[in-house]
Amino acid sequence: SAVISQKPSRDICQRGTSLTIQCQVDSQVTMMFWYRQQPGQSLTLIATANQGSEATYESGFVIDKFPISRPNLTFSTLTVSNMSPEDSSIYLCSVEGPQRRSYNEQFFGPGTRLTVL
Amino acid sequence: RKEVEQDPGPFNVPEGATVAFNCTYSNSASQSFFWYRQDCRKEPKLLMSVYSSGNEDGRFTAQLNRASQYISLLIRDSKLSDSATYLCVCSTDSWGKLQFGAGTQVVVTP
């Protein structure tokens with residue numbers, strides 16, 4: 001599977017500020033995904049990031065709050081804008097596996113643990 | 001109603017024993033199914049895909065029952081290292097949208 005890194009691994013931020021999370025993959029991938037995992041909850045897909053096109057957001061998530069960049073096939077960023085304590089969560093990027101033994105196998109980065117005060 | 005439902009557990013399992021648990025999914029159009037494992041404060045890691053005919057990977061066996069819309073995972077000869085939260089995951093399309101269950105916690109005790 002691909003090696004995925006995320007920066008930062010964790011951060012503590014003040015209400016009203018923004019944080020940009022980076023996701024780097026060691027191989028070219030078509031699709032990258034951003035998820036949120038709130039405390040005690042499971043993962044929720046925020047958006048799908050394809051290179052060369054606008055990200056596709058899931059219901060409940062908007063571009064103004066979570067702008068995404070995908071400048072090339074190995075890198076993506078997610079920004080959490082105008083943060084509030086409700087944004088405290090783990091943010092994870094994922095990519096499809098390079099060998100698609102079945103549809104939709106995804107591999108996750110280590111996550112960014114965000115705390116908003 | 002959640003799209004993917006799991007018993008949160010915890011399932012307390014003596015080392016060496018067998019444990020099995022299910023998850024149910026509500027969307028009959030679901031095509032792909034997976035079990036992920038998530039350790040505390042870590043990212044989910046793919047444990048195994050679930051195929052229509054059922055499949056086995058070492059001590060782990062996954063089954064799919066489309067008629068009743070559930071997936072099962074069985075762990076034989078449990079190891080202490082099997083302690084984790086097991087996430088049931090379904091997808092209805094080929095474009096990467098995964099629906100995650102909230103997870104079943106398994107605790108293997110000496």
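Here is how names work: the chains are called A, B, and so on, in the same order as the sequence lines, proteins then strands, and each is numbered from 1. Treat the numbers as computed from the prediction; the structure is a model and nothing was measured.
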Undergrad: Picking from B/Pro8, B/Pro44, B/Gly101, which has the most non-hydrogen pairs under 4.5 angstrom with chain A?
TA: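 It is B/Pro44.
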
Undergrad: What pair of heavy atoms forms the shortest contact from A/Pro110 to B/Glu43, and how long is it?
TA: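 Answer, listing the atom of A/Pro110 first, then B/Glu43: CA-OE1, 3.6 Å.
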
Undergrad: With the 4.5 Å side-chain cut-off for hydrophobic clustering, are A/Ile90 and A/Ile68 part of the same group?
TA: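 No, A/Ile90 and A/Ile68 fall in different hydrophobic clusters.
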
Undergrad: Quick check: is B/Leu80 connected to B/Val107 through a chain of hydrophobic side chains (ILVMFWY, heavy atoms under 4.5 Å apart)?
TA: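 No, because B/Val107 and B/Leu80 fall into different hydrophobic clusters, even though each may have its own neighbours under 4.5 Å.
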
Undergrad: Would you kindly confirm whether B/Phe21 and B/Val108 end up in one hydrophobic cluster when ILVMFWY residues are joined by side chain heavy atoms under 4.5 Å apart?
TA: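 As far as the 4.5 Å side-chain criterion goes, B/Val108 and B/Phe21 are connected within one cluster.
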
Undergrad: Given that the side chain runs from C-beta out, which part of B/Gln38 has a heavy atom under 4.5 Å from chain A: side chain, backbone, both or neither?
TA: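 Just the side chain, heavy atoms under 4.5 Å.
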
Undergrad: Quick check: do A/Gln106 and B/Phe34 have side-chain heavy atoms less than 4.5 Å from each other?
TA: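 No - every pair of side-chain heavy atoms lies 4.5 Å or more apart.
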
Undergrad: I'd like to know whether B/Lys97 forms a side-chain contact (heavy atoms from CB on, under 4.5 Å) with A/Thr48, so could you lay out the CA-CA distance, the side-chain angles of the two residues, the decisive distance to 0.1 Å, and finally the verdict.
TA: CA-CA 8 Å; B/Lys97 182 172 180 179; A/Thr48 301; over 6 Å; no

Undergrad: Looking at B/Glu15, I'd like to know if its CD atom is crowded, meaning that more than 12 non-hydrogen atoms belonging to other residues, nucleotides or ligands lie closer than 6.0 Å.
TA: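 More than 12 within 6.0 Å, yes.
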
Undergrad: Answer whether the closest heavy-atom distance between the side chains of A/Ser94 and B/Leu98 falls below 4.5 Å.
TA: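 No, side chains not in contact.
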
Undergrad: Where does A/Leu43 contact chain B at under 4.5 Å (heavy atoms): side chain, backbone, both or neither?
TA: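 Contact with chain B is through both the backbone and side chain of A/Leu43.
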
Undergrad: Minimum heavy-atom separation for B/Ala102 and A/Ser42, please, with both atom names.
TA: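 The answer is CA-CB, 3.5 Å.
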
Undergrad: Going hydrophobic residue to hydrophobic residue with side-chain gaps under 4.5 angstrom, can you get from B/Val106 over to B/Val50?
TA: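 Result: yes, single cluster for both.
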
Undergrad: Can you tell me how far apart OH (A/Tyr35) and CZ (B/Phe100) are? Round to the nearest 0.5 Å.
TA: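 If we round to the nearest 0.5 Å, A/Tyr35:OH and B/Phe100:CZ are 5.0 Å apart.
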
Undergrad: Check for me, please, whether A/Phe33 and A/Ile21 land in the same ILVMFWY cluster - side-chain distances under 4.5 Å, paths through other members count.
TA: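 No, A/Phe33 does not connect to A/Ile21 through the hydrophobic network.
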
